[in-house]
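Here the structure comes first, spelled out in structure tokens, and everything after it is commentary.
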Amino acid sequence: MKTDQKTARLAGAIYLVVVLTGTFSLGYVPSKLIFWDEPAKTLHSLTESVQLLRWDIVSSMLCYLAFLALPLALYQLLRQVNENCAKLMVILAIVSVPIALLNLQHKFDVLTLVDAPAYLKGLSTQQIQEQVLFSLDSYGHGIKIVQLFWGLWLLPFGYLVYHSNRLPKVLGIFLMLGCFGYLINVFASTAMPHYSSYGIASYIRMPASIGEIGACLWLLIMGIKAKKNVD
């Protein structure tokens, strides 16, 4: 049991790294630096805050590396519930990591454009603005692909939590609902160009946020219950 508690708190700590770095790189930084309808303002904000962009990239890398370790720690805690389901959880989570890391190349492209090395001196300011937004847009499309797996892994994870009797069942429900929230957002935003303007877009991923942050804090603070017979 002591080993399980240590593993649970380790998983919670890793999860906290994922949550904090993910919130910083996917939420905070874009809100400060990117203005889709104002290319000039976007380039100016990136140029003036290039160090923030660098921290954004570093934060993303840390997030994905932590996400590589997270499902392995959770596997140790939940594999006895259903071995095959636990393996599926690990596979779906880990598959997203190389895709996410490769997608970061687009942010490195933005960093190159903002740093304006000598070989880019021939480009006009307007051309640089267009290239910056193109790279950011490409990054956004890549994130949609990654989000497929960020959603899919929550279904087996939520199932395992719900049936484990070692974590609150309500967290398992939110995690499983979160899977479908992610998938709806990905497919709807791809099929409907103005999907983000609909009110539902702001709320559809709330179950995932509640489930993941809840699981993170529960593991970190409360640990995990002693083993019982599973459902």
Just list the side-chain donor-acceptor pairs under 3.5 Å for residues 45-53, sequence neighbours left out, or say none.
from	atom 1	to	atom 2	distance (Å)
S45	OG	L33	O	2.6
S45	OG	K41	O	3.2
S45	OG	T42	O	2.8
T47	OG1	L43	O	2.7
S49	OG	S45	O	3.3

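The two residues K144 and T190 have their closest heavy-atom pair at CD-OG1, 3.8 Å. Taking both residues in full, the closest heavy atoms of A73 and T7 are given as O-CG2, 3.7 Å, listed atom of the first, atom of the second, then distance.
Aromatic ring pairs are classed by plane angle as parallel below 30°, tilted from 30° to 60° and perpendicular above 60°; the pair Y159 and H163 is tilted. Using cut-offs of 30° and 60° on the angle between ring planes, the pair W150 and F67 is perpendicular.
In the displayed structure, W36 atom CH2 is contacted under 6.0 Å by more than 12 heavy atoms of other residues, nucleotides or ligands. Within 6.0 Å of atom CD in Q126, 12 or fewer heavy atoms from other residues, nucleotides or ligands are found, so the atom counts as exposed in its surroundings. When the shell of 6.0 Å around CZ of F174 is examined, it contains 12 or fewer heavy atoms from other residues, nucleotides or ligands. With a 6.0 Å radius and a threshold of 12 heavy atoms from other residues, nucleotides or ligands, M206 has its CE atom at or below the threshold.
Other members of a hydrophobic cluster containing L102 are absent, since no ILVMFWY side chain comes under 4.5 Å of it, directly or through relayed contacts. Hydrophobic cluster membership for V17: none, as no Ile, Leu, Val, Met, Phe, Trp or Tyr side chain comes under 4.5 Å of it.
Residues L65 and V95 are members of separate hydrophobic clusters, defined by side-chain heavy-atom contacts under 4.5 angstrom among Ile, Leu, Val, Met, Phe, Trp and Tyr.
Counting only residues at least two apart or on different chains, no salt bridge (charged side-chain N to carboxylate O under 4.0 Å, His left out) pair has a member in residues 178-191. For residues 81-93, the pairs satisfying side chain to side chain donor-acceptor pair (under 3.5 Å) are Y75-E83, with sequence neighbours left out.
Residues forming a side-chain hydrogen bond (donor to acceptor under 3.5 Å, both in side chains) with Y195 (at least two apart in sequence, or on another chain): N185.
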